[in-house]
Chemist: 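Here it is, the structure, as structure tokens.
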Amino acid sequence: MIQELIDKLKGYSEGCEEKCVDLKNLKFEAKEGEIKLVDGPWSYYFKSDPKKPNDAKVVWAAKQFCKMAGIPFSFFHKNPEYMKSHMVECWLPTLKPEKAQVLAKLRRSKERNDFIVRALLPVEFTNISNVDVMESVEKAIGKDYQILGLEGETKFIIGDERDDLILHVRFVCNESFEICGEKCAVGFSVMCSELGASNLTVETMLFRDASKTCLVASYSSEPYFDYEYEKIQAKDLIDLFPNLIKRLKGQLAELKLKVQSAKEETESKADIQEKLKDLRLRKGLNDKFHTLLYQELEADQNVKTLWDLSNKIALVAKNFDVVNRVRIERVAGDLVRLCFVKA
């Protein structure tokens, strides 16, 4: 399955290339519903879609351009083309020379001999593609792990279509184990973005087969690996995933003890209510989360252990986008003390 994913990503990378450009040397043009940067004989068109003008993939490069030029994007986006040109004429000359150098990620247009702008990034951005990341994973896992299947044959892959901003894939170990009669397995997730929409983040997790939920572990209150692309190098991928697999094996015994303790630790209703109050004070958990968790607990009055409560939280996490989902699943992991020392 991972080879199918890699082949798919490679297919979408056809026609893509990178260029280092100086924004101050480019001509900005906006007319008739399209905006572009002109670089001599070449034109770099920003994406547009009348049906989905505010879609994240459509506005991503324009947002990055506005941020670099110091133009408020919401104001820029609402104005007609002639006003956009005036804004760029006023703001772009104030850009410092060292900030004007950018890495343009482009895709050759099929309709004309020009380019579509996929992203505009700082020149310090380490150019690691999503294919590079997945190929590194493939080399490390061999046949011991597979892409996690959640419901039936559905695989946990988010963001694997053309120019998706964030790719998120989860892998689970083929060798499962039982704790107090419940089938579980260790696994990990990878979140990456060759377009600069997220850090390169690797999380380890515990997969619960019965509920098809995941509990994310913490390492000194942080993910296993979480770095901005500007602060990593391509060679870092060589050891990242082999070391991850070793770490998962090495902490398995400790993880089982933590889970068994959580399953045996009975909580009174007052204790559960106190835990819910603590969650209210935790940053990053919005009202939607608290409402859904309350509904889950109201529908099931048999929540008597930390393990039961963590499962409810992990179930609620499925209702959120991938970034917030991982954040909530880490809350579930923290609740059963899936906390380890950072290597």
Side-chain angles (χ1 to χ4, degrees), residues 144-145 148 150 156 170-189 202-226 243-285 289-290 292-294 296-318 325-343:
D144 295 334
Y145 286 75
L148 174 61
L150 289 182
F156 198 110
R170 294 188 172 186
F171 300 87
V172 63
C173 183
N174 292 324
E175 186 177 342
S176 61
F177 54 89
E178 287 193 5
I179 300 180
C180 300
E182 182 170 356
K183 185 179 177 181
C184 300
V186 295
F188 64 95
S189 70
V202 179
E203 308 268 10
T204 70
M205 54 184 56
L206 175 68
F207 174 64
R208 302 177 63 172
D209 187 68
S211 58
K212 307 298 183 188
T213 56
C214 294
L215 279 63
V216 172
S218 296
Y219 294 80
S220 302
S221 302
E222 297 177 354
Y224 176 82
F225 183 92
D226 182 34
N243 288 341
L244 167 67
I245 301 303
K246 290 179 183 177
R247 184 67 190 266
L248 284 171
K249 290 180 180 178
Q251 71 186 28
L252 183 57
E254 183 181 357
L255 181 145
K256 289 180 178 179
L257 289 174
K258 290 174 182 289
V259 171
Q260 187 164 346
S261 175
K263 288 175 75 72
E264 295 172 351
E265 192 171 333
T266 304
E267 299 281 308
S268 66
K269 286 189 176 181
D271 292 333
I272 296 294
Q273 290 300 318
E274 194 62 34
K275 292 288 190 305
L276 295 177
K277 288 181 182 179
D278 291 341
L279 291 177
R280 281 280 178 185
L281 300 175
R282 183 156 177 163
K283 292 182 179 180
L285 302 177
F289 164 77
H290 294 294
L292 291 174
L293 180 57
Y294 175 79
E296 281 284 344
L297 295 176
E298 282 292 300
D300 184 358
Q301 297 294 319
N302 294 316
V303 176
K304 298 179 180 179
T305 66
L306 289 176
W307 187 246
D308 296 334
L309 180 57
S310 71
N311 189 46
K312 293 300 181 185
I313 293 173
L315 285 170
V316 167
K318 293 183 179 183
R325 176 171 181 163
V326 172
R327 183 181 294 121
I328 294 169
E329 288 169 333
R330 184 178 293 110
V331 171
D334 289 348
L335 198 65
V336 295
R337 305 182 187 92
L338 293 187
C339 305
F340 303 93
V341 177
K342 202 172 185 72

Chemist: Could you tell me if the side chain of Asp209 sits less than 4.5 Å from the side chain of Phe207, heavy atoms only?
Modeler: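 The answer is yes, as the side chains (C-beta and beyond) meet within the 4.5 Å cut-off.
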Chemist: Using salt bridge (Lys or Arg N to Asp or Glu O under 4.0 Å) as the criterion, list what pairs up with Lys312, not counting sequence neighbours.
Modeler: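 In terms of salt bridge (Lys or Arg N to Asp or Glu O under 4.0 Å), with neighbours along the sequence ignored, Lys312 is linked to Glu296, Asp300.
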Chemist: Go through the structure and list residues passing salt bridge (Lys or Arg N to Asp or Glu O under 4.0 Å) with Glu175, not counting sequence neighbours.
Modeler: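 Once residues adjacent in sequence are excluded, Glu175 has no partner under the salt bridge (Lys or Arg N to Asp or Glu O under 4.0 Å) criterion.
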Chemist: Under the rule for side chain to side chain donor-acceptor pair (under 3.5 Å), what residues qualify as partners of Asn302, not counting sequence neighbours?
Modeler: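 Side chain to side chain donor-acceptor pair (under 3.5 Å) list for Asn302, sorted by chain: empty.
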Chemist: Looking at residues at least two apart in the chain, or sitting in another chain, which of them share a ring-ring contact (aromatic ring centres under 6.0 Å, His included) with Phe188?
Modeler: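 For Phe188, the residues satisfying ring-ring contact (aromatic ring centres under 6.0 Å, His included) (neighbours in sequence not counted) are Tyr145, Phe171.
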Chemist: Ring of Phe177, cation from Lys183 - is the NZ or CZ under 6.0 Å from the centre and inside 45° of the axis?
Modeler: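 Geometry flag: not set, cation outside 6.0 Å or 45°.
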Chemist: Could you tabulate the donor-acceptor pairs under 3.5 Å formed by side-chain atoms of residues 270-280, not counting sequence neighbours?
Modeler:
from, atom 1, to, atom 2, distance (Å)
Asp271, OD2, Ser268, N, 3.2
Asp271, OD2, Ser268, OG, 3.0
Lys275, NZ, Glu267, OE1, 3.3

Chemist: With sequence neighbours left out, what residues match Arg330 under side chain to side chain donor-acceptor pair (under 3.5 Å)?
Modeler: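 In terms of side chain to side chain donor-acceptor pair (under 3.5 Å), with neighbours along the sequence ignored, Arg330 is linked to Glu203.
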Chemist: Can you list everything that forms a salt bridge (Lys or Arg N to Asp or Glu O under 4.0 Å) with Arg327? Sequence neighbours excluded, please.
Modeler: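 Once residues adjacent in sequence are excluded, Arg327 has no partner under the salt bridge (Lys or Arg N to Asp or Glu O under 4.0 Å) criterion.
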Chemist: Who are the side chain to side chain donor-acceptor pair (under 3.5 Å) partners of Gln260, not counting sequence neighbours?
Modeler: Glu264
Chemist: Using ring-ring contact (aromatic ring centres under 6.0 Å, His included) as the criterion, list what pairs up with Phe340, not counting sequence neighbours.
Modeler: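 Result, ring-ring contact (aromatic ring centres under 6.0 Å, His included) vs Phe340: Tyr219.
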Chemist: Run the side chain to side chain contact (heavy atoms under 4.5 Å, CB included) test against Glu298 and tell me which residues pass, sequence neighbours left out.
Modeler: Tyr294, Gln301
Chemist: Strictly below 4.0 Å, N to O, side chains only: are Asp334 and Arg337 in salt-bridge contact?
Modeler: no
Chemist: Could you pull out all residues at least two apart from Asp308 that satisfy side chain to side chain donor-acceptor pair (under 3.5 Å)?
Modeler: Thr305
Chemist: Checking Asp226 now: which residues fulfil salt bridge (Lys or Arg N to Asp or Glu O under 4.0 Å) with it, not counting sequence neighbours?
Modeler: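 Salt bridge (Lys or Arg N to Asp or Glu O under 4.0 Å) list for Asp226, sorted by chain: empty.
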Chemist: Nearest 0.5 Å please: distance from the CG atom of Leu315 over to the CZ atom of Arg208.
Modeler: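 The CG atom of Leu315 sits 8.0 Å away from the CZ atom of Arg208.
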